[in-house]
Protein chains: 2
Amino acid sequence: MTVRAVSDSYPTRVSDRPMWIERSHPTAWPGVASGPASGAEVACYDRDGYLQIPGLLESEEVARYWDELGRLTTDPEIKADERTVVESSSDEVRSIFEVHKVSDVIAELARDPRVLGRVRQLLGSDVYIHQSRINYMPGFTGNGFYWHSDFETWHAEDGLPAPRTVSLSIALTDNYPFNGGLMVMPGSQHTFVSCTGATPANHYKESLQEQEVGTPDRDTLRALAHRCGIDQFTGPAGSALLFDCNMMHGSGNNITPFPRSNIFIVFNSVDNIPGAPFAAPTPRPGWVASRDHTPVRR
Amino acid sequence: MTVRAVSDSYPTRVSDRPMWIERSHPTAWPGVASGPASGAEVACYDRDGYLQIPGLLESEEVARYWDELGRLTTDPEIKADERTVVESSSDEVRSIFEVHKVSDVIAELARDPRVLGRVRQLLGSDVYIHQSRINYMPGFTGNGFYWHSDFETWHAEDGLPAPRTVSLSIALTDNYPFNGGLMVMPGSQHTFVSCTGATPANHYKESLQEQEVGTPDRDTLRALAHRCGIDQFTGPAGSALLFDCNMMHGSGNNITPFPRSNIFIVFNSVDNIPGAPFAAPTPRPGWVASRDHTPVRR
């Protein structure tokens with residue numbers, strides 16, 4: 001275990017008892033006043049920890065990204081890449097990580113003023129890409145993801161000091177209430193849930209499939225759900241969701257015939273560069289948690 | 001395999017290829033003109049195969065049935081009964097079958113004019129209870145149920161000749177879009193999906209947990225879902241759903257902390273008494289598929 005000389009505002013995986021820590025950092029950071037998001041939208045994000053943007057992409061754009069997804073998931077070289085997650089039972093591509101480095105089209109999307117402008121407003125600084133991926137979840141057998149805060153993992157395993165990170169999810173398929181769309185607990189980002197257990201070596205290999213260490217206990221989830229309620233990200237293809245890295249979120253399974261596909265880009269503030277992990281033997285590989293902190297520029 | 005001398009309008013589990021058979025019987029049956037359902041509601045049911053009744057029960061009534069659920073699930077004698085399904089991992093009661101014979105309160109509910117009146121209108125005759133149960137699905141780990149038509153099983157394994165059967169589900173907890181509420185494909189009841197495979201002996205023992213034989217193929221589900229769409233049963237506790245026995249339905253899992261509980265009563269027409277199974281070695285036990293055809297009377 002690496003011992004850090006820096007102070008840790010969000011200790012986790014250090015005790016056998018879960019703890020609630022009130023967040024000492026803002027959700028929406030001051031610094032960049034103008035951009036595509038209205039003042040009211042920024043205030044909502046600050047309160048709830050998320051912002052839905054219906055129709056961020058036009059339908060022609062959705063079609064273009066859909067084609068790009070098709071191209072990427074059928075390219076044998078990409079399929080063989082370690083950054084690509086292939087489902088063993090079906091031999092189908094499920095996710096491609098660091099996709100902004102694999103695809104110029106996705107790299108361009110990250111620079112798009114509709115995206116970059118909003119993200120800079122929310123984080124109050126220049127930003128770089130901490131993680132990106134494109135996901136394809138099939139119908140009938142789509143597995144969900146249990147409740148968790150991304151920041152808990154990114155702090156423990158990647159060394160992100162503060163929750164100054166925003167995730168963008170853009171739906172490439174229609175999100176219904178019943179095909180495994182993302183659920184969030186609005187306002188939960190104000191509380192850091194310190195988890196129990198210790199991080200095993202190379203934890204990311206399992207946790208990208210199904211996470212155990214770093215998931216909150218049931219009493220905490222029950223209390224948060226009763227306090228915050230649950231909202232679900234639904235809407236036609238092209239809709240987008242921006243959400244804070246400490247948002248408690250998860251998703252159910254998908255037995256419907258309607259698949260789900262999305263582009264997922266995580267932006268971190270350049271003033272929040274990760275150091276050594278706070279609670280893991282070694283940092284995760286760069287394609288899961290980038291060590292390249294070059295700001296995204298228009 | 002029992003060979004039936006009667007004609008079979010809905011052959012299933014007889015071939016290796018799925019078949020679509022257009023339903024030759026009505027959904028809403030003529031015969032009982034007056035009752036609590038309006039003509040428009042009966043027409044909707046005939047077209048879509050289901051009818052939602054918001055607030056069928058008052059909140060005081062919900063509380064009374066909730067208490068009854070608590071009493072039943074903690075009674076050691078009931079827990080030991082073969083009609084009670086206990087989850088092995090938690091040792092908790094999940095379902096109690098033939099609950100209208102176990103509980104006077106539930107028996108009274110089946111006779112309630114709000115229930116019996118509507119069911120008689122939809123089936124156009126006197127009715128009896130083919131199956132009843134009370135279900136308790138916990139939060140966090142609630143498993144869903146894959147797509148199926150109940151009539152396919154009730155015809156194959158119980159010998160129900162025609163789809164003249166209606167199921168009533170009454171929510172005892174709030175049904176959100178995200179805690180595993182029932183999904184239906186409206187209008188799918190007009191098509192009988194003949195399934196492949198053969199029924200193993202004592203199939204009900206597994207199929208009450210998770211069904212494989214008697215579930216439709218993916219091409220069929222894809223085509224039905226694109227033709228019919230999917231609706232979901234949501235609403236506060238006390239809401240009810242009446243749905244046709246040949247409705248294609250299923251449910252996702254429930255990772256939220258909000259449990260789901262409901263009362264489920266299946267009414268069959270007294271003019272649709274089951275004979276020998278159409279596609280199973282032996283009929284299922286009476287507590288799953290009643291052989292007592294006494295009409296329910298006010």
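A note on names: the letters A, B, ... follow the listed sequences, proteins ahead of strands, and every chain is numbered from 1.
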Would you call [X] and [Y] a side-chain contact if the rule is heavy atoms closer than 4.5 Å?
{"X": "B/Phe178", "Y": "A/Phe178", "answer": "no"}
{"X": "B/Ile230", "Y": "A/Tyr176", "answer": "no"}
{"X": "A/Met183", "Y": "B/Asn179", "answer": "no"}
{"X": "B/Pro177", "Y": "A/Gln232", "answer": "yes"}

Worksheet item: Are any side-chain N or O atoms of B/Asn253 and backbone N or O atoms of A/Gly252, one a donor and one an acceptor, separated by less than 3.5 Å?
Response: no
Discussion item. Would B/Thr256 and A/Trp147 count as a side chain to side chain contact (heavy atoms under 4.5 Å, CB included) here? Give the steps.
Written reply: CA-CA 8 Å; B/Thr256 79; A/Trp147 299 101; 4.2 Å; yes
Worksheet entry | Toward chain B, the part of A/Ser251 with a non-hydrogen atom under 4.5 Å | backbone
Item to complete: Mind telling me whether A/His226 and B/Phe258 have parallel, tilted or perpendicular rings, with 30° and 60° as the class edges?
Response: perpendicular
